[in-house]
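Beneath this line is the structure, given in structure tokens, with notes to follow.
So you know, we letter chains A, B, ... as the sequences are listed, proteins then strands, and number each from 1. Just so we're clear, the structure is a prediction, and the values are computed from it rather than from any experiment.
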Amino acid sequence: MIRQILHVDMDAFYVSVEELLDPSLTGKAVIVGGDPEGRGVVASASYEARKFGVRSAMPLQQAKRRCPHAVFIRGHYAKYSEWSSKIHHIFSRFTPLVEMVSVDEAYLDLTGCNLLHGPALRAADTLIRTIKQETGLRCSVGASTSHVVSKIASDLAKPHGLMCVFPACEAAFLAPLPIRRMPGVGKVTEAKLLILGIKTIGDAQRRRREDLERQFGKFGEWLHRKAFGQDIEAYAWHDSARSLSHETTFPSDVADLEIIQQALSHLSQRLAYRLRDHGVKAQTIGLKLRYANFQTVSRERAVPQPTCLDYEIFQAAFDLFRATYDRRQKVRLLGVRASHFTSQPRQADLFEAEREQKMGRALYTADQLRSRFGFDAVRLARSLDKGREPSS
DNA sequence: TCTGGGGTCCTAGGACCC
DNA sequence: TCTGGGGTCCTAGGACCC
């Protein structure tokens, strides 16, 4: 049976949701990301803003220079998730085999669904219309026999388009495209490939697999296969997260230990809250530290006992910080990461068990409040900002 | 130009064990 | 005294994606 894979990509998703929330934005240059004077980057830009050269991941200050009249919006991320669920729901009506790769992107496996939805091209067309009709959102779709090809096709179809690559045409379709079009080939890899004379996907097709493998290891073998539009596996698909993290970039670089401690505490609390929400404990806690000069270091360490407790995570993160920090430099960013999850209960002596139970009760109450009123409704002592009343 | 925040995966060296 | 080889785990860093 011939595989039928659709890749669906929402057009300017965040901006489009903002337009639904506030129709007066429609047709304007809109940039979601935050304060244009701050240190953020563009998360999503309307097509009107893109006319001025504004792109995703561009520093907001630069976007402001290119498009001074744009409306800058911080972003309503909870709303984006809601709309993402609505879209997911529509996808599920076409096939049970839906892989949401991010809030605004999914693969649909329609293999064997011909009787239900007709040929892939028709099914894709119906899908685009249904989404537009039921949500007001627009999307682009790629259709082919594999994930890579459909992904690249939907990219070329943007905005609001549909591109179908018929069976046995995959390699010929890919051949003329620049190698950078291949998902997984970024700036760095592109540069390495160019040195070897691989400018297009067709160039990669003409190399011997063994040569690519010798030069690039596992990646070389991967590239050779993908260049012909072949997927072995659908996706490296995990239903549970492998790591969770929070990080923050300060509005301006910081040397004050008090502020650093507060930030680490706040990040630890957010992280712990999410670990409990996922029902897991972390065996490894990590710290990310970016200096003013953008030099970035990370440290991680296995903790004595798996944990999901605010204070223990903070302790671990702060220990790593003290062992790592170079006092001569100011800090731009701090991050805390948890990984190596276990759902196993930990062994604790009686004293520990009692303490943890008390702690657990307090945190349970805090979590309840947070899920109703938002994370910052409850703050533990260390991250209470000086001179500011806690919000509850 | 001045570089977010949340993730995943891969590589490579060293420790450690058999 | 000089010296294996393989396997796995841990940690740090980096490329990439949205």
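- Comparing the P positions of B:dC2 and C:dC16 gives an interatomic distance of 24 Å, to the nearest angstrom.
- Sorted by residue number, the members of residues 295-304 of chain A with any non-hydrogen atom under 4.0 Å from DNA chain C read A:Val297, A:Ser298, A:Arg299, A:Glu300, A:Arg301, A:Ala302.
- Using a 30° and 60° split on the angle between ring planes, A:His69 and A:Phe52 fall in the perpendicular class, above 60°.
- A:Arg274 comes within contact range of the sugar-phosphate backbone alone, with a heavy-atom separation under 4.0 Å but no base atom that close.
- Nucleotides of DNA chain C lying under 4.0 Å from heavy atoms of chain A occupy a range whose first and last members, 5' to 3', are C:dT11 to C:dC18.
- For A:Lys86 and A:Glu82, the salt-bridge test fails: no basic side-chain N is under 4.0 Å from an acidic carboxylate O.
- If you find the closest nucleotide of DNA chain B to A:Asn293 and to A:Arg337, the one lying nearer the 5' end belongs to A:Asn293.
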Secondary structure string for DNA chain B (Watson-Crick or G-U under 3.5 angstrom, | for other-strand pairs) = ....||||||||||||||
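- The aromatic rings of A:Phe321 and A:Tyr325 sit parallel to each other, their planes meeting at less than 30°, with 60° as the upper class boundary.
- Across all strands shown, A:Val185 has heavy atoms under 4.0 Å from sugar-phosphate atoms exclusively, and none from any base.
- Within the 4.0 angstrom heavy-atom criterion, only backbone atoms of the sugar-phosphate kind lie near A:Val188; the bases stay farther away.
- Counting non-hydrogen atoms under 4.0 angstrom, A:Leu244 reaches the backbone sugars and phosphates but no base.
- A salt bridge links A:Lys158 and A:Asp11; the closest N-O separation between the charged side-chain nitrogens and carboxylate oxygens is under 4.0 Å.
- A salt bridge is defined here as a Lys NZ or Arg NE, NH1 or NH2 lying under 4.0 Å from an Asp or Glu carboxylate O, and A:Arg274 with A:Asp277 fails to meet this definition.
- No salt bridge links A:Arg290 with A:Asp253; every basic N to acidic carboxylate O contact stays at or beyond 4.0 Å.
- Heavy-atom nearest nucleotides on DNA chain B were determined for A:Lys218 and for A:Ala57, and the one closer to the 5' end corresponds to A:Ala57.
- Within the 4.5 Å cutoff, the side chain of A:Met10 has no heavy atoms near those of the A:Ser16 side chain.
- A:Arg290 comes within 4.0 angstrom of the backbone, heavy atoms only, and of no base.
- A salt bridge links A:Arg129 with A:Asp125: the closest approach of a Lys/Arg side-chain nitrogen to an acidic carboxylate oxygen falls below 4.0 angstrom.
- Geometrically, A:Arg270 engages A:Phe375 in a cation-pi contact defined by less than 6.0 Å to the ring centre and at most 45° from the axis.
- B:dT1 and C:dC17: their P atoms are spaced 25 Å apart (whole Å).
- Nucleic acid contact for A:Thr248: sugar-phosphate only, since backbone atoms but no base atoms lie under 4.0 Å from a heavy atom of the residue.
- Note on A:Glu300 versus A:Arg337: salt bridge recorded, some NZ/NE/NH1/NH2 to OD/OE distance being below 4.0 Å.
- For A:Glu210 and A:Arg214, the salt-bridge test fails: no basic side-chain N is under 4.0 Å from an acidic carboxylate O.
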